[in-house]
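Note sheet for the following structure.
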Amino acid sequence: MIIYKTPEEIELMREAALVVSKTLGEVAKAIRPGVTPLELDAIAEKTIRDQGAIPGFLGLYDFPNTLCTSVNEQVVHGIPTNKPLEEGDIISVDCGAILHGFYGDHAYTFEVGEVAPEIKKLLEVTKECLEIGIEETKVGNRISDIGFAIQQHAEKYGYGVVRELVGHGIGRTMHEDPQVPNYGRRGRGKKIKDGLTIAIEPMINMGTERVNQLSDNWTIVTADGKPSAHFEHDVAVVNGKAIKLSTFDYIYEALGQK
Ligand code: MG
Ligand code: MG
């Protein structure tokens, strides 16, 4: 059952999402060759708590950390380690926080030092997929129109769209209805209505769409070992179209991109 939110609830959700946005901005400042995912995790936990919020992933389904950190061929759900990042790596940092009883959940894939052009392209296209998915999130469309548009865009470049993991409704729990796949056919699923709040999160692989799970029972990796990218925003449908509750602006500021 989809839980539609009031305008007041959406404003509270924006505050929760912005806790995560600011946290990813702090993480962005620390990303460089030599830093470890566990160091990034500590920065994130402190930044969330300093804002009066609670880490949203820590302990959720028994996840052990504040961040999911997924490096190179890892798609999502990587557990932070003490293995230093290396020049040319990419790392998806996915972060959740709870404020006012609502979850924020969003993610960005960072470049570590200088990254190969074909990997830069993967990141660029995955971010475009996220924006295209958000544009499709409007009254008049159905949920599957989001995934249809994302898949069309990713496959133009020969990339694989992960099937096993999907976006989701978000609110007082991290994962609510509906599921929001990054693939599919037009015109399926629920009609999009005002008050819908969802996390849109394309997971796009440079090679095959197929993935495996590591024996830690968390980390998802590409079946062919090629890199994967992941970007995620929380959005709400207001006056017929999606508005972003989260923002990458803190990240862009930290990276000197704005
Ligand atoms: Mg997430
Ligand atoms: Mg999510």
Side-chain angles (χ1 to χ4, degrees), residues 2-3 5 13-14 16-28 37 40-41 44-45 47-48 53-71 74-80 90-99 102-110 123 126-127 129-131 133-134 137 143 146-147 150 161-183 196-205 211 213 218-221 228-237 242 244-248 250-251:
I2 297 176
I3 302 169
K5 313 300 188 298
M13 286 190 64
R14 184 200 300 279
L18 288 178
V19 167
V20 185
S21 300
K22 288 173 189 167
T23 302
L24 290 180
E26 290 304 307
V27 168
L40 302 177
D41 191 69
E45 178 167 0
T47 308
I48 290 170
I54 300 166
F57 294 173
L58 187 64
L60 184 71
Y61 315 119
D62 290 328
F63 189 75
N65 289 87
T66 293
L67 296 180
C68 293
T69 54
S70 308
V71 180
Q74 298 178 347
V75 179
V76 288
H77 299 171
I79 298 172
I90 54 171
I91 178 171
S92 158
V93 179
D94 194 349
C95 182
I98 309 166
L99 185 72
F102 285 101
Y103 277 88
D105 171 24
H106 73 130
Y108 194 92
T109 302
F110 295 94
L123 300 188
T126 305
K127 204 191 284 184
C129 284
L130 173 58
E131 293 298 330
I134 292 169
T137 307
I143 293 293
I146 300 168
I150 290 172
V161 178
V162 175
R163 302 297 201 272
E164 284 83 349
L165 298 130
V166 297
H168 50 92
I170 183 166
R172 291 189 182 275
T173 51
M174 172 78 86
H175 297 115
E176 295 184 351
D177 286 340
Q179 292 201 342
V180 185
N182 297 301
Y183 61 92
L196 180 74
T197 51
I198 54 175
I200 301 178
E201 50 179 318
M203 289 155 261
I204 307 296
N205 299 344
V211 296
Q213 189 171 43
W218 279 106
T219 315
I220 305 294
V221 296
S228 180
H230 174 222
F231 292 86
E232 177 178 25
H233 269 313
D234 300 331
V235 307
V237 179
K244 287 177 197 163
L245 302 177
S246 49
T247 174
F248 293 147
Y250 298 98
I251 293 171

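Order of listing sets the numbers, starting from 1, for every ligand and every atom in it.
- Here Thr219 pairs with Asp216 under the side-chain hydrogen bond (donor to acceptor under 3.5 Å, both in side chains) rule; sequence neighbours left out.
- Residues that satisfy the ring pair (Phe, Tyr, Trp, His ring centres under 6.0 Å) test with Tyr250, not counting sequence neighbours, are absent from this structure.
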Tabulate below the donor-acceptor pairs under 3.5 Å that side-chain atoms of residues 196-205 make, not counting sequence neighbours, or state none.
{"residue": "Thr197", "atom": "OG1", "partner": "Lys5", "partner atom": "NZ", "Å": "2.8"}
{"residue": "Thr197", "atom": "OG1", "partner": "Ile170", "partner atom": "O", "Å": "2.7"}
{"residue": "Glu201", "atom": "OE1", "partner": "His230", "partner atom": "NE2", "Å": "2.9"}
{"residue": "Glu201", "atom": "OE2", "partner": "His168", "partner atom": "NE2", "Å": "3.1"}
{"residue": "Asn205", "atom": "OD1", "partner": "Ser228", "partner atom": "OG", "Å": "2.7"}
{"residue": "Asn205", "atom": "ND2", "partner": "Thr208", "partner atom": "O", "Å": "2.9"}

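- Protein N, O or S atom count below 2.8 Å of the Mg ion (ligand 2): the structure gives 4.
- There is a side-chain donor-acceptor pair under 3.5 Å between His175 and Tyr61.
- A distance of 7.0 Å separates CD1 in Ile48 from CG in Leu67, rounded to the nearest 0.5 Å.
- Within the cation-pi definition used here (under 6.0 Å to the ring centroid, within 45° of the axis), Arg172 does not qualify as a partner of Tyr103.
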